[in-house]
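Remarks on the structure that follows.
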Amino acid sequence: MPATLIAFLGACTLIAASPGPSTVLIIKQSLHGRRSGLLTVLGNETGVFVWGVVAALGLTALVTASEIAYGVMRIVGAAVLVAFGVQALRQARRTGADAGGGGGESTGRTGWAAYRAGLLLNLANPKAAVFALSFLPQFVPEGAPHLPTMVGLAALWAVYEVGYYGLYVWFVGRLRTVLSRVGVRRRLEQASGGVLLLLGVRMALEG
């Protein structure tokens, strides 16, 4: 079991290190403060755990087996990404128009809104569901009870990623003095918005 856990955590590190929509959103939200960034991480990892439990119950197999269900989830996921991208671009415009008003916007993005953003982005991603189904079973030791082991691995995966992505939030916070400058923050919002838009369009066009 220890060797399995080491291999599992190594795989989790590789997964978290792969750039994706969640990474972009976490960095974007962290621009508004560490609390906003951490709550986005918690929302995202709640989604990871939910997909892990769903995979343990075998329900994600229904998504992969149904072309219609997967297609619906793909379109919904693409719409969510595009919506977040548009939101980021609008925020960049407001940041440029209101050079001195960054503090209130940061406060408004904390709490439930930040948590919900991370959760929604993860749950609307059909690839997260399929990945959980294909990833977790590989690390269930032979002879171990399937359901509790997979749920435990899903919980460990989520907790581990909280720590991993927490480093992103911390790093952005350390650079807060530079990143809080209006011009820099506006460009970062524009970049993150553009990336989320592109990811959304790509997901919508995928077969």
Specify the closest pair of heavy atoms between [X] and [Y], including all atoms of both residues, with the distance to one decimal.
X      : Y      : value
Val151 : Ala56  : CG2-CB, 4.1 Å
Pro145 : Pro148 : CB-CG, 3.5 Å
Ala132 : Pro137 : O-CD, 3.8 Å
Val80  : Ala124 : CG2-CB, 3.8 Å
Leu136 : Ala154 : CD1-CB, 4.1 Å
Thr149 : Pro141 : CG2-CD, 4.0 Å

Calculate, to the nearest 0.5 Å, the distance between atoms [atom1] and [atom2] belonging to [X] and [Y] respectively.
X      : Y      : atom1 : atom2 : result
Tyr165 : Ile27  : OH    : CD1   : 9.5 Å
Ile15  : Tyr164 : CD1   : OH    : 11.5 Å
Glu161 : Leu9   : CD    : CG    : 11.0 Å
Gln87  : Leu25  : CD    : CG    : 8.5 Å
Gln29  : Arg35  : CD    : CZ    : 12.5 Å
Asn44  : Asn122 : CG    : CG    : 4.5 Å

Just wondering, do [Y] and [X] contact through their side chains at under 4.5 Å, heavy atoms?
X     : Y      : answer
Leu39 : Leu42  : yes
Val50 : Val54  : yes
Leu5  : Leu156 : yes

Quiz item: Should Trp51 and Leu133 be marked as a side chain to side chain contact (heavy atoms under 4.5 Å, CB included) after you check the CA-CA gap, both sets of side-chain angles, and the distance that decides it?
Solution: CA-CA 8 Å; Trp51 282 130; Leu133 178 64; over 6 Å; no
Practice problem: Mind running side chain to side chain contact (heavy atoms under 4.5 Å, CB included) on Leu197 and Val201 for me, showing each step along the way? | Solution: CA-CA 6 Å; Leu197 273 174; Val201 171; 5.5 Å; no
Self-check item: Non-neighbouring partners of Phe135 that pass ring pair (Phe, Tyr, Trp, His ring centres under 6.0 Å), sequence neighbours left out
Solution: Phe8, Phe131, Phe139, Trp157
Can you get from [X] to [Y] by hopping between Ile, Leu, Val, Met, Phe, Trp and Tyr side chains that sit under 4.5 Å apart?
X      : Y      : result
Leu89  : Val195 : no
Ile6   : Leu14  : no
Leu121 : Ile75  : no
Val162 : Ile26  : yes
Val82  : Leu119 : no

Self-check item: Residue list, side-chain hydrogen bond (donor to acceptor under 3.5 Å, both in side chains) with Thr46, at least two apart or on another chain
Solution: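 Scan of Thr46 (side-chain hydrogen bond (donor to acceptor under 3.5 Å, both in side chains), adjacent residues dropped) gives Tyr115.
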Quiz item: Can you name the side-chain hydrogen bond (donor to acceptor under 3.5 Å, both in side chains) partners of Ser30, sequence neighbours left out?
Solution: none
